[in-house]
Amino acid sequence: MSARTILVTGGAGHVGSHLIEELLATGEERVISLDNYSNGSPENHIAGAEYRAGHTKDIDELIPETPDLVYHLGEYARIAPSFEEPDRVYDYNIVGTFRVVEFCRRRAVGKLVYAASSTKFAIEGDGRHQNPYSFSKSVNVDLLNDYGRWYDLSYAICYFYNAFGPREVADGPYATLIAKFAAMYRRGEPLPVVAPGTQRRAFTYVKDLAKGIKLVGERGHGDGYALRADQSHSVLEIAQAFGGTFEIVDGYPGREDVAADPRRAHDELGWRATVDVLDYIEDCKAAS
């Protein structure tokens, strides 16, 4: 039997690279990454995968193969900077994702797995209207659900919750919280906690996320797979866990609390997060 061909958009990014690593672990798959490297890095390349550089809106030209399975992670993926870059958000997340969905429809791809955003559940369900990023991600969830109805597109949608772990971006406008705090802690700098600091996040280990996404591709159908740690922590708790000093600063705080029920991922996929973020922070401090 020939190996399946699997396409991962955003395969040079934080989560995408771990997903590719997970997919290649059995040695039975051909894995292709399509990434525009706006946030991904060649340093995240995994031996054994094929890498193509380019925008997802050009997927037809860049991917002449017809994959058996597509994992679509290659989008604009930060909330606060999206206020300053709505044109980029639209280009990557609306234009690019539409082309990916159409590619899957026209090529009759076996399944499309979409990495949606948990931010749509924030603020009593009004999270989709709070920032350009959340809006675009929510629109794409609607698009996939409708393509499933209109064209019988085979798809599954999972929701990420605050990935942390190896290959996180630590600096710049696209830095993620745990990596940013770890880098600042090592430099002896005060950690900036956006007011009020009580906003809670279900920080989820990236290797756990990769396993969950792979399971969604293997067994998932339709919308609603929340991949999140069982425990949540406030941003202030995270800063305090690092120790040292912190300061309350102005900025966009995001949603106040965690939302979305993870039971579908637990019950249908047998998936749970295994690494607690507070244990990971202790390991980071010990290694500093």
Side-chain angles (χ1 to χ4, degrees), residues 4-17 19-20 23 29-42 44 49-79 81-82 85-117 119-120 128 131-160 174 213 216-217 220-223 225:
R4 291 190 307 169
T5 297
I6 299 177
L7 173 65
V8 179
T9 71
H14 179 217
V15 179
S17 63
L19 173 59
I20 288 179
L23 291 168
E29 315 285 13
R30 178 193 181 194
V31 181
I32 301 170
S33 166
L34 175 60
D35 202 305
N36 69 359
Y37 294 88
S38 60
N39 199 27
S41 169
N44 294 339
E50 303 172 36
Y51 288 88
R52 316 240 176 114
H55 196 306
T56 50
K57 67 186 176 185
D58 300 318
I59 187 171
D60 278 302
E61 293 76 33
L62 295 166
I63 310 294
E65 302 88 348
T66 295
D68 298 284
L69 177 60
V70 172
Y71 290 94
H72 182 38
L73 283 65
E75 293 187 313
Y76 190 101
R78 292 293 177 269
I79 295 175
S82 75
E85 302 177 313
D87 53 342
R88 180 173 289 188
V89 177
Y90 184 88
D91 185 37
Y92 292 177
N93 294 12
I94 302 295
V95 177
T97 293
F98 175 73
R99 294 300 179 195
V100 171
V101 175
E102 270 288 281
F103 170 90
C104 291
R105 179 185 71 85
R106 291 195 310 271
R107 302 280 188 95
V109 168
K111 184 187 291 184
L112 169 60
V113 177
Y114 180 59
S117 172
T119 58
K120 70 170 283 188
R128 67 183 294 150
N131 55 78
Y133 166 77
S134 297
F135 170 79
S136 69
K137 298 289 282 188
S138 298
V139 165
N140 288 340
V141 167
D142 292 342
L143 179 70
L144 261 74
N145 281 314
D146 285 341
Y147 261 60
R149 296 185 185 97
W150 301 336
Y151 302 113
D152 200 27
L153 179 75
S154 178
Y155 72 99
I157 301 173
C158 55
Y159 294 85
F160 286 11
Y174 306 126
I213 299 162
V216 171
H221 299 281
D223 196 357
Y225 295 94

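In this text the structure is predicted, and so the values were computed from the model without any measurement.
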Spacing of NZ belonging to Lys137 relative to OG belonging to Ser82, to within rounding of 0.5 Å: 12.0 Å
From CG (Asp223) to SG (Cys158), nearest 0.5 Å: 10.0 Å
Value rounded to 0.5 Å, distance of CZ in Arg149 from CG in Leu144: 11.0 Å
Value rounded to 0.5 Å, distance of CG in Leu23 from CD1 in Ile6: 5.0 Å
Side-chain touch Pro81/Tyr76, heavy atoms, less than 4.5 angstrom: yes
Donor-acceptor pair between Ser41 and Asn44 side chains, under 3.5 angstrom: no
Member of Tyr155, Trp150, Tyr114 meeting the side-chain hydrogen bond (donor to acceptor under 3.5 Å, both in side chains) criterion with Asn145: Tyr155
Contact check, side chains of Val100 and Leu34, non-hydrogen atoms, under 4.5 Å: no
Side-chain donor/acceptor of Lys111 to backbone N/O of Gly220, under 3.5 Å: yes
Chi angles and distances behind the side-chain contact (heavy atoms from CB on, under 4.5 Å) call for Tyr51, Asp35: CA-CA 8 Å; Tyr51 288 88; Asp35 202 305; over 6 Å; no
Separation of Ile157 CD1 from His221 NE2 (nearest 0.5 Å): 13.5 Å
For the student: nearest non-hydrogen atoms of Ile20 and Ala49, plus distance: CG2-CB, 3.8 Å
Side-chain touch Asp91/Lys57, heavy atoms, less than 4.5 angstrom: yes
Phe103 side chain reached by Pro67 side chain, heavy atoms, under 4.5 Å: yes
Glu75 and Tyr133 side chains, donor-acceptor separation under 3.5 Å: no
Min side-chain heavy-atom separation Val141-Tyr159 under 4.5 Å: yes
Nearest heavy-atom neighbours spanning Thr9 and Leu73: OG1-N, 2.9 Å
Heavy-atom pair of closest approach, residues Ala53 and Tyr37: CB-CE1, 3.8 Å
CG-NE2 distance between Leu62 and His55, expressed to the nearest 0.5 angstrom: 10.5 Å
Shortest non-hydrogen contact from Pro64 toward Arg52: CD-NH1, 3.8 Å
Heavy-atom check, side chain of Thr56 versus side chain of Tyr92, under 4.5 Å: no
Any side-chain heavy-atom pair of Asn140 and His72 under 4.5 Å: no
Under 3.5 Å donor-acceptor, Ser17 side chain and His14 backbone: yes
Asp68 (side chain) donor-acceptor with Thr5 (main chain) under 3.5 angstrom: yes
Tyr174, OH: over 12 other non-hydrogen atoms inside 6.0 angstrom: yes
Minimum-distance pair of heavy atoms, taken over all atoms of Arg107 and Ile63: NH2-O, 3.1 Å
Check: Gly110 main-chain N/O paired with Ser154 side-chain donor or acceptor under 3.5 Å: yes
Neighbour count above 12 (heavy atom, 6.0 Å) for Asp152 CG: no
Exercise: identify the closest heavy-atom pair between Ala115 and Phe160: CB-CZ, 3.6 Å
Asp58 bridged to Arg99 by N-O distance under 4.0 Å: no
